[in-house]
Amino acid sequence: LSSLSPREKEILQLIAEEHTSSEIAGLLFISEKTVEKHRASLMEKLNARNLAGLVRLAGKYRLVDRDS
């Protein structure tokens, strides 16, 4: 996780909390396109093949509460 920026960690957490790209964009005051670029960067940096992989990694690294 050390290669992730604070913004990427924030977006990963929001993805794992089941927020849509549109919701994330609104929460962070960025464009939906920027959210998509961050998601692609996260997938590349973390070697995730899909969104489910990102969510699994977020849980593994305890970026989200698994009970919520």
Side-chain angles (χ1 to χ4, degrees):
L1 285 183
S2 61
S3 67
L4 301 183
S5 70
R7 180 62 104 187
E8 287 172 329
K9 288 178 186 176
E10 187 175 23
I11 289 175
L12 179 57
Q13 180 176 357
L14 291 169
I15 289 170
E17 291 173 358
E18 299 183 43
H19 290 281
T20 65
S21 292
S22 179
E23 291 170 341
I24 294 169
L27 288 167
L28 300 180
F29 304 102
I30 58 177
S31 74
E32 198 169 336
K33 185 85 168 172
T34 301
V35 174
E36 296 297 332
K37 287 185 180 192
H38 280 300
R39 178 181 289 142
S41 176
L42 284 163
M43 291 177 75
E44 184 176 329
K45 286 181 177 181
L46 297 175
N47 296 316
R49 294 188 318 168
N50 53 40
L51 195 56
L54 282 180
V55 172
R56 183 182 58 78
L57 289 168
K60 178 180 177 180
Y61 293 116
R62 297 190 172 138
L63 294 177
V64 291
D65 181 3
R66 291 181 183 196
D67 295 328
S68 56

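In this structure, S3 OG and L42 CG are separated by 9.0 Å, a value rounded to the nearest 0.5 Å. The CD atom of E10 sits 12.5 Å away from the CG atom of L4 when rounded to the nearest 0.5 Å. Going from atom CD of Q13 over to atom NZ of K9 covers 11.0 Å, rounded to the nearest 0.5 Å. Taken from CD in E32 to OG in S21, the straight-line distance is 5.5 Å, to the nearest 0.5 Å. Note: K60 NZ to L46 CG = 10.0 Å, rounded to the nearest 0.5 Å.
The environment of K45 atom NZ is dense: over 12 non-hydrogen atoms of other residues, nucleotides or ligands sit within 6.0 angstrom.
Closest non-hydrogen pair, L12 versus L54, comes out as CD1-O, 3.6 Å. For the pair H38 and E8, the tightest heavy-atom approach, listed with the atom from each and the gap, is ND1-CG, 3.8 Å. Taking each heavy atom of L57 and A48 in turn, the nearest pair found is CD1-CB, 4.3 Å. Contact detail for E23 and H19: the closest heavy-atom pair is OE1-CA, 3.2 Å.
Annotation: side chain of L28 is in contact with side chain of R7 (closest heavy-atom distance under 4.5 Å). Proximity of I11 to R39: side-chain heavy atoms (C-beta onward) are nowhere separated by under 4.5 Å.
Salt-bridge formation is not detected for the pair K33/E36: no Lys NZ or Arg NE/NH1/NH2 atom is positioned less than 4.0 Å from an Asp or Glu carboxylate oxygen.
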